[in-house]
Amino acid sequence: MKPTYDPHAVEADWYRRWEDAGVFRPEINPDGEPYCMVIPPPNVTGSLHMGHALNHAFYDMIVRRKRMQGFAAVWVPGTDHAGIATQNVVEKQLAIEGLTRYDLGRERFIEQVWEWKRQYGNRISEQMRKLGDSCDWTRERFTMDDGLSAAVREVFVRLYAEDLVYRGNRIINWCPRCETALAEIEVEYEDDPGELVHITYPFTDGPGGVTVATTRAETMLGDTGVAVHPDDDRYAAHIGRTVRLPLVGRDIPIVADDAVDPEFGTGAVKVTPAHDPTDFEIGERHGLEPVVIFDRQAVVTAAGGRFEGMDRFSARAAVKEALAADGVLGDVEERTHAVGHCYRCSTVIEPLLSLQWFVRVGPLAEPAIEAVRAGDSRFVPQRWENSYFHWMENLRDWCISRQIWWGHRIPAWYCPDGHVTVARQDPSACGDCGSTGITQDEDVLDTWFSSALWPFSTLGWPDTTADLDRFYPNAVLITGFDIIYFWVARMMKMGLHFLDEVPFPDIVIHGLVRDAEGRKMSKSIGNALDPLDVIAEHGADALRLALLQAASPGQDVPLDMEWIVAARKFGNKLWNGIRFALGNLDGRAPAAGEYPDVAHPVNRWVLARLAEVVERYDRLCDEYRFSDALGLLYQFTWSEVFDWYVEMAKPLLGDEATRAETQSTLGAVLRDVLALFHPAMPFITEELWESLVGEGFVATADWPTPPDVSSPDHVATFMDLVTAIRRFRSGHGLSPKESFEVEVLDPEGVIEPWWAEQLDALASAKLAPIGEARGAGYTRLVAGPVQGFISLEGLIDIEAEVARIQKAISGIDGDLAKADRKLANPAYREKAPAEVVAKEEAKAADLRARRDKLTAQLAELGS
RNA sequence: GGGGAUGUAGCUCAGUUGGGAGAGCGCUGCCCUUACAAGGCAGAGGUCGUCGGUUCGAGCCCGGCCGUCCCCACCA
C-alpha cells in the first residue's frame with residue numbers, strides 16, 4: 001500500500017466493479033424489505049452542479065446504508081426532458097447554422113432533439129458515476145420514454161374525464177422570447193426600476209376628465225374601461241360616464257369595482273382586460289371587451305393603430321411621446337415595481353389573454369393538504385409544512401399547455417365543428433360527430449406535468465407491475481426547498497389522486513450550496529465550484545464528506561475549498577490508519593459481524609465506545625441528521641480510535657499476552673469504521689475494505705452491530721493522567737523525550753499493571769507508587785481517584801509552575817462561586833431535582849478540595 | 001402587506017425534552033515519536049445580537065427592539 005492516499009487511483013475502478021456485480025440492484029437483498037427512492041430527475045441538458053452533488057450525497061448516504069442494513073434498497077435514476085430548456089439548447093445549436101425550428105418543421109425539429117439527446121443525454125449519468133451514486137441503472141427512466149409517455153396520457157385523459165383538466169380563455173403569463181405560456185410559478189418577480197405615468201382621459205360628455213396612473217403606458221391602446229372604487233367620493237359622481245381614450249379615440253366607461261385601491265395613484269385605474277389579470281377580472285364583471293394589442297412576440301398588432309409593429313418597449317416610449325403631444329400626459333414619477341421574468345430566459349413576462357389548458361387544482365390539493373396534516377407525509381425539518389400549506393391553500397389553476405414542440409403533445413383533437421376529443425389512442429375521427437377532419441392540439445404539456453408522476457410512472461404505472469407493487473410508496477424524497485411547489489406538491493397531488501397513497505412518508509428538505517462568503521453559487525458571479533473539478537482534484541469521497549458534514553438539516557450549505565481539503569485529509573488519515581493495522585495484523589481483520597472476546601481494559605474500552613457510537617450514529621442517520629452523524633463518527637475515528645486507541649494498542653501488540661486479542665479488536669474496530677463511513681465515502685472505504693477484510697464488498701457487508709461491552713471506567717482516569725503529564729511537559733518546555741517519574745497515590749486501588757507500560761509509551765513517564773500525598777517540593781498533576789505528583793527538583797521554571805497553579809485556582813474560583821451561589825439559594829434546594837442538587841454539591845466539594853490542594857501547593861512553592 | 005429563517009470563538013456552523021458553553025478551519029508554542037508533517041502533543045480565544053419576562057435555574061421557553069437573509073402577494 002502506498003504511504004499516501006491517492007483518490008484517483010482509488011476511485012478509478014470500483015464503480016464498474018459494483019455495477020458489474022449488481023450491487024446497486026434491490027435484487028441483491030432478495031428477502032429484504034423494500035426501500036425505494038427516485039431521483040429528482042436532472043434536466044437531460046444538464047451538467048452536474050454542486051446542488052446535484054449535495055442532493056446526491058444525501059440520497060446515496062441513505063441508499064447505501066439501507067442496502068447494508070439488508071433492505072431491498074433501490075435508487076431509481078433518470079432524466080427529465082425539460083421542455084423549454086432542451087428546446088432552447090437545440091434551437092441555439094440551429095441558430096449557429098442560421099436556422100430556426102420553423103425552417104425544419106415540427107417533425108424534423110423533434111427528431112433533431114432526440115438526436116441531441118442520444119448524443120449528449122447521458123452526460124449527467126456519467127457524471128453521477130463519478131460521484132459514486134449507487135443508482136440501479138437497469139431501472140433508468142426518461143420522462144419522454146414510451147412508458148412514461150403512456151402514464152402522462154393516461155393521467156391527462158382521466159383528469160379530463162373527471163373535469164379536472166379543462167381548456168379555457170384566460171390571462172396567462174407569456175414569454176415573448178420562448179413564445180409560450182408559463183405557469184404562475186415559472187415567473188420570477190424582481191423589483192425593477194420603472195415610472196408611474198399619469199394620463200388624463202377626457203370625458204366624452206363635458207369638460208374635464210379622469211386621470212389614471214400606470215407603469216405600462218403602452219397598454220392604454222388596449223384599454224376598454226376605467227375603474228374606481230365604489231366608495232371613493234372623488235369619483236362617485238363620474239361612475240357610469242364615459243371617457244374618450246386618447247390616441248385611439250375609443251369611448252370607454254367608468255365603472256366601480258372593489259379591486260381598485262383608492263390609496264394607489266389617483267384612485268382611478270385604466271382597465272386593459274387582455275393584458276392584465278386584475279383588469280381581466282374587472283372586465284368580466286363589467287362586460288368590458290378585451291382588446292389584444294400584442295402578438296406572440298409582444299409586438300403591437302393592428303389593434304394598436306399607428307403603433308403597429310413596434311415592440312412593447314418602443315411602443316411605451318412612442319405612446320408617451322404621443323400623449324405628451326396631445327397634452328394629456330401628466331406627472332411622470334420614478335418608481336420601482338415588481339416585474340415578472342421568465343424563469344428560463346429572464347425575458348420580461350407579458351400577461352396575455354389566450355386559450356390554454358389548465359388543471360383544476362383545488363380538488364387535487366385538498367387530499368394533499370390533509371395527508372400532511374394527518375402525518376402521512378412529514379417534512380424534515382417540519383417548518384416547511386407551513387410553506388406547503390400556505391402554498392396549497394392559495395393555488396390558482398395550473399396552466400399546463402406550452403406553445404413549444406419538445407414535450408408530451410396534448411392528446412386532444414378538434415374537429416371543424418369545434419368538438420374536442422381527448423383519447424388514450426390517437427383517434428381517426430371526432431368522438432362526437434365522427435368527422436375525420438380532426439387535428440391534434442399543437443401544444444405540449446408543461447414538463448412538470450410528467451415530473452408530477454415520477455414516483456409511480458418510473459415503476460411502471462399505469463400497468464400493475466411488481467416494482468409498482470413493491471416500491472410504491474417510495475420511502476423518502478430529498479430535495480431543495482426551491483422545488484417544493486414545482487415538484488413536491490404536485491407529486492403529492494398526483495400520487496394521492498391516482499394511487500390513493502402519498503408518494504413518500506418522509507420529505508427531507510435541504511438548503512442551497514453557497515460559497516465561503518455565503519453567496520449563492522452561480523455561473524454569472526463566477527463563484528461556482530464545479531463538482532467535476534473538485535473530484536478531479538480531491539476525489540468524490542472528499543467532496544461527499546465535505547458536503548454532508550457542512551449540511552445542517554434544512555440550512556444552506558456554505559462550501560469552501562478548505563472543507564474539501566479537510567475531508568481529503570481525513571481520507572488520508574483513514575488510509576494510514578489502515579496501513580498501520582495491516583502492518584500489525586497477522587492476517588485479515590475479523591469478518592463483518594465478528595467481535596473478539598476481550599479481556600484487556602483498553603480493548604474493552606474501545607469496543608464499548610464503538611457500540612455507543614454506532615447506536616448514536618444510527619439514530620442520527622434515521623433522523624436524516626447526517627451532518628451530526630458524520631461529525632460524531634469523524635470525531636470518534638480520529639480523536640478516539642487513532643489518537644488514543646491506536647497509540648494504546650501499540651504496546652499491546654508488542655506483548656505476546658495481549659497481541660492476539662488486540663489484533664482482533666483493532667481489526668474489528670477499523671473494519672466497522674470503514675463500514676460506517678462507506679455510505680458517505682464509498683470509494684476509499686471499499687478500497688481499504690479489500691485490504692483489511694479481503695472478503696466481499698463493504699457495499700454489501702452487514703451493517704455493524706457491535707456487542708454491548710461494559711466499559712472499564714478507569715481507562716478515562718488513565719487518559720486524564722496522560723494528558724496532565726503532557727500538559728505539564730508542554731507548559732514547562734520540557735523535551736518529549738525526557739523521561740519523568742510520576743509518583744502516584746492510589747487510595748482506591750484503581751491502577752493496574754498495564755498503566756506502567758502505557759504511560760511509558762504515551763507520555764514517557766514512569767510510575768512510582770507512594771503511600772501518601774506529596775507536599776513541599778512536588779507539584780500535583782491530577783486530583784481524581786488517582787493522584788499524580790511530580791518532583792520539582794531540578795525544575796528550572798518555578799515561575800511557570802506558579803503561574804500555572806494560579807491560573808488553575810482562578811478558574812476553579814469562578815466555577816466554585818457559581819456553584820456556591822446556587823447551593824445557597826433555598827429555592828434551588830427546594831425545587832430542583834434531588835439528583836441535580838446532589839451533583840452540584842459533589843461538584844462544589846470537588847472544586848473546594850482541588851482549590852485547597854492547589855493553594856497549599858502554592859504556599860509550598862514559596863509564593 | 002403577510003409568512004418564515006437566522007444572529008453562539010477570528011471564519012463557517014453544532015448545541016431537540018431549560019440543569020457545569022462545542023466542532024472544523026484559522027491562530028500560538030513544542031515535536032520529523034518507523035501508519036500518517038495532508039501528521040502528533042499542548043494552548044489561547046466566547047457579556048451565546050439587545051432589552052425585558054417566565055423559572056430555583058435560560059444559548060435553549062415567552063415578548064419588544066436592532067441586524068441579515070429568504071418565500072409569498074393582482075401596489076395598476
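Every chain is numbered from 1, with letters handed out A, B, ... down the list of sequences.
Comparing Ala844(A) and Glu623(A), the nucleotide of RNA chain B nearest to each residue sits closer to the 5' end for Glu623(A).
Within the 3.5 Å criterion, the main-chain N or O of Ala183(A) finds a donor-acceptor partner in the side chain of Glu186(A). Formation of a donor-acceptor pair under 3.5 Å by the Arg729(A) side chain with backbone atoms of Glu738(A) is found in this model. Judged purely by atom type and a 3.5 angstrom limit, Asp541(A) uses its side chain to pair as donor or acceptor with the backbone of Phe683(A).
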For Leu692(A) and Leu585(A), run side chain to side chain contact (heavy atoms under 4.5 Å, CB included): C-alpha distance rounded to whole Å, both residues' side-chain angles, the deciding distance at 0.1 Å, then the answer. CA-CA 9 Å; Leu692(A) 186 71; Leu585(A) 262 50; 4.1 Å; yes

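Residue Pro833(A) is in base contact, counting any heavy-atom pair closer than 4.0 Å across all strands shown. Residue-level contact check: Pro558(A) touches the backbone only, with heavy atoms under 4.0 Å from sugar-phosphate atoms and none from bases. In this structure, Glu562(A) reaches the sugar-phosphate backbone alone: every heavy-atom distance under 4.0 Å involves primed, P, OP1 or OP2 atoms, never a base. If you check every strand for non-hydrogen atoms under 4.0 Å, Asn825(A) touches sugar and phosphate atoms only. Contact annotation for Phe642(A): base contact, defined as any heavy-atom pair under 4.0 Å involving a base atom. Using a 4.0 Å heavy-atom criterion, one finds that Gly265(A) contacts no nucleic acid atom at all. Using a 4.0 Å heavy-atom distance criterion, Val646(A) is classed as a base contact. As judged by a 4.0 angstrom heavy-atom cut-off over every strand, Glu647(A) is placed among the base-contacting residues.
For Tyr828(A), the listed nucleotide lying nearest its side chain is G19(B); candidates were C75(B), G19(B), A76(B). Distance from the side chain of Lys737(A) is smallest to C32(B) among A35(B), C32(B), A23(B). Candidate nucleotides G24(B), A76(B), A73(B) were compared by shortest atom distance to the side chain of Thr215(A), and A76(B) ranks first. The Trp563(A) side chain lies nearest to G24(B) when the options are A73(B), A76(B), G24(B). Across A23(B), C72(B), C75(B), the shortest atom-to-atom separation from the side chain of Arg335(A) is found for C75(B). Listed candidates were A76(B), G19(B), C71(B). Nearest to the side chain of Asp261(A) is A76(B).
In this structure, Lys818(A) does not reach the G57(B) phosphate: none of its side-chain N or O atoms is under 4.0 Å from OP1 or OP2.
For the C1' atom pair drawn from C66(B) and G49(B), the interatomic distance equals 8 Å after rounding to whole Å. Rounded to the nearest Å, the gap between the P atom of U54(B) and that of C62(B) is 15 Å. The separation of C72(B) from U17(B), taken at their C1' atoms, amounts to 33 Å, rounded to a whole angstrom. The separation of C13(B) from G20(B), taken at their C1' atoms, amounts to 23 Å, rounded to a whole angstrom. Using atom C1' as the reference point in both C74(B) and A5(B), the two lie 27 Å apart (nearest Å). Between G24(B) and C31(B), the distance separating the two P atoms is 23 Å to the nearest Å. Straight-line distance between the P atoms of U28(B) and U6(B): roughly 35 Å, to the nearest whole Å. G1(B) and C48(B) have their C1' atoms separated by 34 Å, with the value rounded to a whole Å.
The distance between atom CD1 of Ile483(A) and atom P of C71(B), rounded to the nearest whole Å, is 15 Å. Rounded to whole Å, atom C1' of C36(B) lies 14 Å from atom CG of Leu582(A). When the P atom of C75(B) is taken as reference, atom CD of Glu333(A) falls 17 Å away, rounded to whole Å. With rounding to whole Å, Asp258(A) atom CG is found 18 Å from C74(B) atom P. Atom-to-atom, CG of Leu548(A) to C1' of C13(B) comes out at 16 Å; the value is rounded to the nearest Å. The CG atom of Asp232(A) sits 15 Å away from the C1' atom of A76(B) (whole-angstrom rounding). Rounded to an integer number of Å, the gap from Phe580(A) CZ to C36(B) C1' is 11 Å. Remark: P of G57(B) and CZ of Arg821(A) are 13 Å apart, rounded to the nearest angstrom.
Looking at residues two or more places apart in sequence or on another chain, you find a side-chain contact (heavy atoms from CB on, under 4.5 Å) between Asp191(A) and Ala338(A). For the ring pair (Phe, Tyr, Trp, His ring centres under 6.0 Å) test, no residue two or more places apart in sequence or in another chain qualifies with Tyr624(A). Under the side-chain contact (heavy atoms from CB on, under 4.5 Å) criterion, Arg726(A) pairs with Trp644(A), Val722(A), Leu762(A), sequence neighbours left out. Residues meeting the ring pair (Phe, Tyr, Trp, His ring centres under 6.0 Å) test with Tyr645(A), sequence neighbours left out: none. Residues passing the side-chain contact (heavy atoms from CB on, under 4.5 Å) test with Ala542(A) are His538(A), Ile564(A), Ala567(A), Arg568(A), sequence neighbours excluded. Glu537(A) pairs by the side-chain contact (heavy atoms from CB on, under 4.5 Å) definition with Met561(A), not counting sequence neighbours. The ring pair (Phe, Tyr, Trp, His ring centres under 6.0 Å) search around Trp575(A) returns Tyr5(A), not counting sequence neighbours.
Aromatic ring pairs are classed by plane angle as parallel below 30°, tilted from 30° to 60° and perpendicular above 60°; the pair Phe486(A) and Tyr343(A) is parallel. Aromatic ring pairs are classed by plane angle as parallel below 30°, tilted from 30° to 60° and perpendicular above 60°; the pair Trp391(A) and Tyr485(A) is parallel.
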For nucleotides 37-49 of chain B, 5' to 3', base contacts (B), sugar-phosphate-only contacts (S) and non-contacts (-) with protein non-hydrogen atoms under 4.0 Å give -BSSSSSS-----

Given protein heavy atoms under 4.0 Å, the one-letter contact record of nucleotides 2-7 of chain B, with B base, S sugar-phosphate only and - none, is simply ---SS-

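Taking the six-membered ring for Trp and the full ring otherwise, Tyr388(A) and Trp384(A) have centroids separated by 6.0 Å or more.
Residue pairs meeting the salt bridge (charged side-chain N to carboxylate O under 4.0 Å, His left out) criterion with at least one partner in residues 254-282 of chain A, sequence neighbours excluded, are Asp223(A)-Lys270(A), Asp257(A)-Arg285(A).
Within 3.5 Å, no donor on the side chain of Lys822(A) pairs with an acceptor on the base of G57(B), nor the reverse.
Considering CD1 of Ile578(A) and NZ of Lys573(A), their distance stands at 12.0 Å, rounded to 0.5 Å.
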Tabulated below should be each protein N or O lying under 3.5 Å from an N or O of nucleotides 68-70 of chain B; please produce it.
none

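Where RNA chain B pairs in unbroken runs of 3 or more (Watson-Crick or G-U, both distances under 3.5 Å), the stems are B:1-7 with B:66-72, B:10-13 with B:22-25, B:27-31 with B:39-43, B:49-53 with B:61-65.
Taking 4.0 Å as the cut-off between side-chain N and carboxylate O, Arg829(A) and Glu841(A) count as a salt-bridged pair.
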